[in-house]
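Notes for the one structure printed next.
Each chain gets a letter, A, B and so on, in the order its sequence line appears, and its residues count up from 1.
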2 protein chains.
Amino acid sequence: MAKETKVTIQDIAREAQVSPSTVSRVLSGNAPVVAAKREAVLTAIEALDYRPNVFAQSLASGQSLTIGVLTQRFGNPFYDGILSGILQALEPTPYSPIFGDGRWQTAVEKRALQTLLDRQVDGLIVVGGLSPEAEMLAYAQQVPLIVAAREIPGMSSQCLTIDNKKAAYEATRYLLEMGHQHIAHVTASIYYHGPITDVYQRYQGYVQALTEAGIQPDPQLLAEGDLSQQSGLMAVEKLVGRERPFTAIFAANDQMAVGVRLGLYRRGLRVPEDVSLIGFDDDHNTAYLTPPLTTVRQPAIELGQAAAEALIDLINGRQHTFDTFQASLIIRESVARRR
Amino acid sequence: MAKETKVTIQDIAREAQVSPSTVSRVLSGNAPVVAAKREAVLTAIEALDYRPNVFAQSLASGQSLTIGVLTQRFGNPFYDGILSGILQALEPTPYSPIFGDGRWQTAVEKRALQTLLDRQVDGLIVVGGLSPEAEMLAYAQQVPLIVAAREIPGMSSQCLTIDNKKAAYEATRYLLEMGHQHIAHVTASIYYHGPITDVYQRYQGYVQALTEAGIQPDPQLLAEGDLSQQSGLMAVEKLVGRERPFTAIFAANDQMAVGVRLGLYRRGLRVPEDVSLIGFDDDHNTAYLTPPLTTVRQPAIELGQAAAEALIDLINGRQHTFDTFQASLIIRESVARRR
DNA sequence: AACATATTTGAAATCGTTTTCAGAATAAGT
DNA sequence: ACTTATTCTGAAAACGATTTCAAATATGTT
């Protein structure tokens with residue numbers, strides 16, 4: 001199948017009348033070469049259309065120029081945004097990303113991680129994930145590691161997160177300011193998903209805002225889903241079934257918010273006239289719901305880029321400090337002032 | 001940073017009292033080894049927790065056990081579905097995927113492809129893309145290549161596509177059967193996006209259904225977008241601005257359909273009471289629009305899986321025939337019978 | 001001009017496997 | 001028991017770079 005007449009560094013050396021070592025030096029640039037020879041080498045490379053063999057390079061140098069990215073469940077908009085950012089940030093660098101998918105299953109995640117490690121990635125970015133903290137710390141010993149969208153105690157300098165509690169607090173405050181008193185919250189079960197701390201933090205933000213406003217959080221106004229649209233739909237059923245009046249719903253992510261929106265439609269409840277709705281994530285399509293969804297924007301792409309840049313700095317032993325990432329409330333049309 | 005005391009094949013050889021060659025043989029299994037020694041090797045591997053160095057393997061064998069995947073614009077739900085399928089299908093194999101993103105820009109795509117090739121992928125899956133057909137054919141000479149979601153003349157046996165024309169035909173027929181006569185179509189500009197043949201085929205299917213029903217396709221009922229939600233929104237503006245009455249809209253993809261849906265909402269047009277709407281792709285969230293969108297489901301994940309399997313067969317010189325992929329109409333609630 | 005020092009260079013070792021080749025061990029055939 | 005096949009096996013040569021080391025050349029000082 002492959003036809004390629006392989007051009008090796010030897011060929012270049014011969015063509016340019018120098019030794020292979022010299023060719024290697026001009027290639028890597030980590031040792032000086034006199035201008036004339038450098039020129040000769042460069043033209044030879046050009047002439048023969050030489051492309052170094054990555055494996056030989058990696059074997060000899062111990063660097064793979066590859067970075068591993070572990071994600072969860074390809075297709076989740078927030079995570080995909082992060083991946084997209086990573087891809088973009090890596091493009092101008094010599095590093096190529098290689099992906100694994102943990103699918104929110106500890107065993108799968110572990111295998112995927114091992115595969116990545118076996119490929120001797122120079123660094124690893126783990127996006128979310130369920131691996132026990134101890135394991136993560138162990139990995140961090142083996143390889144430069146950045147964790148995105150998850151906070152691991154003991155390696156916080158390598159974790160990029162968004163202040164979920166604060167963002168949820170502000171979202172809830174906004175509802176309060178709009179005159180809502182009975183605010184339901186759709187969250188995700190901690191038992192089902194493992195400790196998805198960001199979802200829990202959002203819950204905490206919600207509670208805090210309520211409490212500060214002198215409102216006692218009502219467990220009857222809490223519904224648990226699993227982050228899917230379907231579960232948002234069912235959450236509405238639970239909520240209205242309980243016959244506790246509410247005028248607003250804060251969903252812990254946009255996917256559930258979308259389900260909630262449909263659930264309300266099914267029940268003949270108008271948004272925002274009867275019930276106000278607020279989501280979290282700013283998924284692509286969320287701006288095109290009817291009505292456009294008020295939500296909390298998470299800077300996913302920026303987060304991905306920052307993660308990639310931080311990792312490269314880490315690999316090269318450079319010091320890196322993160323920008324902190326702030327989520328911001330995107331006010332659209334799904335929240336109305338309570339009359 | 002990395003601490004690892006490298007265990008090499010030599011260590012195993014010493015431990016098991018055999019030669020490295022023998023160890024290699026039991027590892028690869030492509031030469032017989034007597035049971036006793038095989039056992040010894042296996043236990044040695046176990047004991048020392050040996051993991052072969054991929055680069056040395058690749059260098060020596062000429063196989064990278066890596067397959068390149070070129071996608072366009074990470075974050076597009078249909079493409080992401082394909083990627084997800086590829087990832088799944090590759091998981092049980094020794095191959096790992098490495099990704100590149102062409103971003104729907106010819107130059108970027110070319111560079112991404114070159115990067116993939118430089119990494120000596122054993123095979124390549126190109127999802128969509130803009131590369132001229134001649135270039136694709138050239139790549140196909142260099143490396144086993146599968147193209148998903150695009151048809152390249154001259155290598156159709158390596159292309160997996162869905163019969164877009166037929167699917168669009170059926171979608172349009174469905175609208176006709178529901179009594180609609182004035183059916184608008186939101187398509188994508190061929191000039192902007194290059195020859196996205198699948199979108200063009202959808203247009204053809206639309207025309208065919210209309211013509212067969214004795215209806216002359218009206219250019220005033222055609223609006224061009226760029227596949228984005230935003231462009232769907234604007235398409236509605238164009239359409240109503242032309243003051244040509246219509247009772248149904250067929251959008252060439254779900255993202256535009258979502259935009260269309262919002263556009264109609266803005267105009268105070270109800271779906272489906274005033275205008276029926278049908279999309280194409282069956283994006284995740286499309287089932288949770290209000291009302292749930294009737295659309296055409298493309299089996300993205302299955303397509304991705306099939307692509308990966310086909311590629312592996314191709315790499316190993318096995319013959320492979322594809323299942324054909326049929327899109328199917330998903331009837332939900334955005335289409336009503338014309339009264 | 002002579003010496004010390006700094007800069008460039010090439011030869012050769014190395015990275016950790018696979019694979020070829022030929023010899024050793026075993027099995028089979030008469 | 002003696003060839004003749006047939007399995008197995010190890011030594012050594014790839015694979016295609018990088019990197020160490022020491023030699024060669026250039027530069028600077030006195």
Go through the steps to decide whether Ser64(A) and Gln120(A) satisfy the test side-chain hydrogen bond (donor to acceptor under 3.5 Å, both in side chains), and finish with yes or no.
CA-CA 6 Å; Ser64(A) 67; Gln120(A) 326 242 171; over 6 Å; no
From the candidates dC15(C), dT17(C), dC15(D), the one with an atom nearest any side-chain atom of Ala60(A) is dC15(C)
Parallel, tilted or perpendicular: which fits the ring planes of Phe99(B) and Phe99(A), with parallel below 30° and perpendicular above 60°?
perpendicular
Quickly work out the Gln10(A) CD to dA14(D) P distance and round it to whole Å.
12 Å
From NZ of Lys6(A) across to C1' of dA17(D) the rounded distance in Å is 13 Å
Just how far, in rounded Å, is P of dA17(D) from CD of Gln120(B)?
9 Å
Is a donor from one side chain sitting under 3.5 angstrom from an acceptor on the other, for Ser21(B) and Ser24(B)?
no
Would you mind reading off the distance between Gln63(B) atom CD and dC15(D) atom C1', rounded to a whole angstrom?
14 Å
Taken to the nearest whole Å, CG/Asn53(B) to P/dG16(C) is 7 Å
Donor-acceptor pair between Thr66(B) and Arg119(B) side chains, under 3.5 angstrom:
no
I need the CG-P distance between Leu65(A) and dT18(D), as an integer number of Å.
10 Å
Are the side chains of Tyr139(B) and Val126(B) in contact, using a 4.5 Å heavy-atom criterion?
no
dT19(C) P sits how many Å from Leu59(B) CG, rounded?
11 Å
Sub-4.5 Å side-chain heavy-atom contact between Pro144(B) and Leu311(B)
yes
Could you check how far CD1 of Ile9(A) sits from P of dA14(D), rounded to whole Å?
18 Å
Proximity to DNA chain D (any heavy atom under 4.0 Å), residues of residues 14-37 of chain B only
Val18(B), Ser19(B), Ser21(B), Thr22(B), Arg25(B), Pro32(B), Val33(B), Val34(B), Lys37(B)
